[in-house]
Undergrad: 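Here it is, the structure, as structure tokens.
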Amino acid sequence: MTEQILIPVERIERAILALRGNRVLLDADLAVLYGVETKALNRAVLRNRERFPADFMFQLTEEEAAALRCHFGTSNGRGGRRYLPYAFTEQGIAMLSSVLRSPRAVQVNIEIMRAFVRLRQMLQSNADLSRKLAVLEKKYDAQFKIVFDAIRELMVQPKPKKKEIIGFARREDK
């Protein structure tokens, strides 16, 4: 019987970061999701290093790690991590299921893959919406230009014509 994993997709989506042009999850976030210690996850990965090429997993630089610490407000003094975190791409996370063989790891991987798919779909729908909006702007800019020009012409007050005065005129009317 498979174990039911209740991990909200939103929690996974919040953990996905954009680093070096990739959408990634950090080793510590993955360890929490899988229910293991970060060092145990990293040990399993390093024992199977050949399964994780650079496009599946990479270690953050000191600058990237410092930027994340500043961004998330985590500790950088005593305690905490003594090495730079690893970042796993979608393919690296899929490979984790072959390294971490527990039923929980399989279920968590399924949920993570669903989160990545949902994120891609949202990005695609936003791109489609942007394209449609650009087309509408181009289409309606030309139409509204005519309307705005007509409104401007109506706004210009015509010069009043001098009235011809027949008969007597008061001094103030002259």
Undergrad: Would you please test I12 and F116 for side chain to side chain contact (heavy atoms under 4.5 Å, CB included) and show each step?
TA: CA-CA 9 Å; I12 297 170; F116 272 104; over 6 Å; no
Undergrad: Check whether E64 reaches the backbone of T61 with its side chain - one donor and one acceptor, N or O, closer than 3.5 Å.
TA: yes
Undergrad: Will you find, in the side chains of T89 and R23, an N or O donor that is under 3.5 Å from an N or O acceptor?
TA: no
Undergrad: Counting C-beta onward and ignoring hydrogens, is there a side-chain heavy-atom pair between Q91 and D55 closer than 4.5 Å?
TA: no
Undergrad: Answer with yes or no whether the hydrophobic clustering places L46 together with V99; edges join I, L, V, M, F, W, Y residues whose side-chain heavy atoms lie under 4.5 Å apart.
TA: yes
Undergrad: Are the side chain of R104 and the backbone N or O of Q107 linked by a donor-acceptor pair below 3.5 Å?
TA: no
Undergrad: Could you tell me which residues satisfy side-chain hydrogen bond (donor to acceptor under 3.5 Å, both in side chains) with R120, sequence neighbours excluded, listed by chain and number?
TA: E90
Undergrad: Can you name the nearest heavy-atom pair linking L60 to A87, along with the distance?
TA: CD1-CB, 3.6 Å
Undergrad: Less than 3.5 Å apart, which donor and acceptor atoms pair up between the side chains of residues 24-42 and the rest of the protein, not counting sequence neighbours?
TA:
residue : atom : partner : partner atom : Å
D27     : OD1  : R81     : NH1          : 2.8
D27     : OD1  : R81     : NH2          : 3.1
D27     : OD2  : N42     : ND2          : 2.9
D27     : OD2  : R81     : NH2          : 2.6
D27     : OD2  : Y86     : N            : 3.2
Y34     : OH   : N109    : OD1          : 2.2
N42     : ND2  : Y83     : OH           : 3.2

Undergrad: Can you give me the closest heavy-atom contact between M113 and A94, atom names plus distance?
TA: CE-N, 3.8 Å
Undergrad: Taking side chain as C-beta onward, heavy atoms only, is R51 less than 4.5 Å from S98?
TA: yes
Undergrad: Does A18 offer a backbone N or O that forms a donor-acceptor pair with the side chain of N22 under 3.5 Å?
TA: no
Undergrad: Between atom CD1 of I93 and atom CE of M95, what is the distance when rounded to the nearest 0.5 Å?
TA: 12.5 Å
Undergrad: For the residue pair F88 and F52, establish whether any side-chain heavy-atom pair is separated by less than 4.5 Å.
TA: yes
Undergrad: Work out which heavy atom in V45 is nearest to a heavy atom in M57; give both atom names and the distance.
TA: CG1-SD, 3.4 Å
